[in-house]
There are 2 protein chains.
Amino acid sequence: MLSKKAKYALKALFVLAKDYGSEALLIGDIAEKENIPKKFLEAILLDLKNQGILYSRRGKTGGYGLLKTPEQITIGQVIRIIDGPLAWVPCARQNGYQPCDECEDVENCSIRITMRKVRDATAEILDNTTLADCVRMEKAPIDWSI
Amino acid sequence: MLSKKAKYALKALFVLAKDYGSEALLIGDIAEKENIPKKFLEAILLDLKNQGILYSRRGKTGGYGLLKTPEQITIGQVIRIIDGPLAWVPCARQNGYQPCDECEDVENCSIRITMRKVRDATAEILDNTTLADCVRMEKAPIDWSI
DNA sequence: GTATTTCGCTTTTTTGGAGAGCATTTAGTA
DNA sequence: TACTAAATGCTCTCCAAAAAAGCGAAATAC
């Protein structure tokens, strides 16, 4: 499951992406706009800053802004920062592989093999969807009836 | 993340699938073989029985067995029974759709649209992988070097 | 009567979500 | 220079819910 934290992070980044190029935005303003608890959002944006997604300025003219363009930031990156690896099991991770506790034959474990396929399919989608894509999607949504 | 409960369920079903056609197996034997806490496995197998995957016999000659063939039971079914829907967000579910708390424009929500793609890709894999496939995989694993 | 499953209840541990409080930085101003 | 207002940075704590596990009594089939 996607945590609320990750959902908040994405929502906040969408706001920042729409505002890309302007001045830094205040935590309080983003929080109010997206109905996110301010203190919670504070920790989230700090995480994103520490991982090189955002810059911040303290003090009177402070705020947060994107450090890269909306085209350069993917949903996959964000979710990994907030919620960790995409794989359903540690032994199916691309990075940070960890064997299961008791799997004796990791190489031939069918759970690992199947979950690896799921991870790859998921990464394919999330790593190829950018903030810019999302903003575009919400402005001009796909017509599903076609 | 795949819960331990679901992983235990799959491991236990693999054992039952390999033994398909023979007599019912005891919880204790399965638990010992796969290093699963017996009492925990008890609850798991009960869930699977109540969802029509397994049959059980009480008493001296009791035990558990598959109610369908290993070809008819998919990983997707099992995970849904134990861990619930495959979708990362309730608003991306195929069955049991639930709108987000504060999403005003559910129709055009880019998170929902993206997560729906992930769910569909995941379901495609998990609903087309059966217990029989898994047993086969572990006996004659795919040669990845080709 | 006995071995075995089933079921209800409780406990422990982990995690997610949220918030409080103080420290630090910055800009403006007297 | 010194002070203050306004913003982020950081640490700690708490609460609720879920996951994981355990205990013991009841039901069932031989």
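Each chain gets a letter, A, B and so on, in the order its sequence line appears, and its residues count up from 1. Note that the coordinates shown come from a computational prediction; the quantities given were computed from them, not determined experimentally.
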Rounded to the nearest angstrom, tell me the gap between atom [atom1] in [X] and atom [atom2] in [N].
X: A/Q51; N: D/dG9; atom1: CD; atom2: P; answer: 14 Å
X: A/F40; N: D/dG9; atom1: CZ; atom2: P; answer: 17 Å
X: B/L41; N: D/dA20; atom1: CG; atom2: P; answer: 14 Å
X: A/E42; N: D/dC10; atom1: CD; atom2: P; answer: 10 Å
X: A/K4; N: C/dG19; atom1: NZ; atom2: P; answer: 10 Å
X: A/D47; N: D/dT8; atom1: CG; atom2: C1'; answer: 14 Å
X: A/R58; N: D/dC10; atom1: CZ; atom2: C1'; answer: 9 Å
X: A/Y64; N: D/dA6; atom1: OH; atom2: C1'; answer: 15 Å

Supply the atom-to-atom distance B/Y64 OH to B/L46 CG, rounded to the nearest 0.5 angstrom.
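Spacing of OH (B/Y64) from CG (B/L46) equals 5.0 Å.
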Phosphate OP1/OP2 of [N]: any [X] side-chain N/O under 4.0 Å:
X: A/T61; N: D/dA6; value: no
X: A/S56; N: D/dG9; value: yes
X: A/R57; N: C/dA27; value: yes

Taking donor-acceptor contacts at under 3.5 Å, does the side chain of B/K60 reach the base of C/dG1?
no
Interface with DNA chain C, restricted to residues 74-88 of chain A and to heavy atoms under 4.0 Å:
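Under 4.0 Å from DNA chain C: no residue of residues 74-88 of chain A.
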Tell me what [X] touches on the nucleic acid: a base, only sugar-phosphate, or nothing, going by heavy atoms under 4.0 Å.
X: B/L26; result: sugar-phosphate
X: B/K5; result: sugar-phosphate
X: A/G63; result: sugar-phosphate

Any salt bridge between A/R116 and A/D120, counting N to O under 4.0 Å?
yes
Options D/dA21, C/dG28, C/dA18, nucleotide nearest the side-chain atoms of B/Y8
D/dA21
A/K39 side chain: which of C/dG21, C/dC7, D/dA20 is closest?
C/dG21
Just wondering, more than 12 heavy atoms not from B/Q94 lying within 6.0 Å of its CD?
yes
A/K18 atom NZ: more than 12 heavy-atom contacts under 6.0 Å:
yes
Upstream residue (5' side of DNA chain C) when B/L45 and A/P37 are each assigned their closest nucleotide:
B/L45
Compile the donor-acceptor pairs under 3.5 Å between side chains in residues 72-89 of chain A and protein atoms, sequence neighbours left out, one pair per line.
unit_1, atom_1, unit_2, atom_2, d
A/Q72, OE1, A/T69, N, 3.0
A/Q72, OE1, A/T69, OG1, 3.3
A/T74, OG1, A/Q77, N, 3.1
A/Q77, NE2, A/Q72, O, 3.2
A/R80, NH1, A/G76, O, 3.4
A/R80, NH1, A/D127, OD1, 2.9
A/R80, NH2, A/D127, OD2, 2.9
A/D83, OD1, A/S3, OG, 2.6
A/D83, OD2, A/S3, N, 3.1
A/D83, OD2, A/S3, OG, 3.2

Work out which heavy atom in B/A17 is nearest to a heavy atom in B/L66; give both atom names and the distance.
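Heavy atoms only, the tightest pair is CA-CD1, 3.7 Å.
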Which pair of heavy atoms, one from B/G65 and one from B/L16, lies closest together, and at what distance?
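For B/G65 versus B/L16, the nearest heavy atoms are CA-CD2, 4.1 Å.
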Taking for each residue the nucleotide of DNA chain D with the nearest heavy atom, is it A/G62 or B/S3 whose nucleotide lies nearer the 5' end?
A/G62
Heavy-atom donor-acceptor pair, A/E71 side chain to A/A132 backbone, under 3.5 Å
no
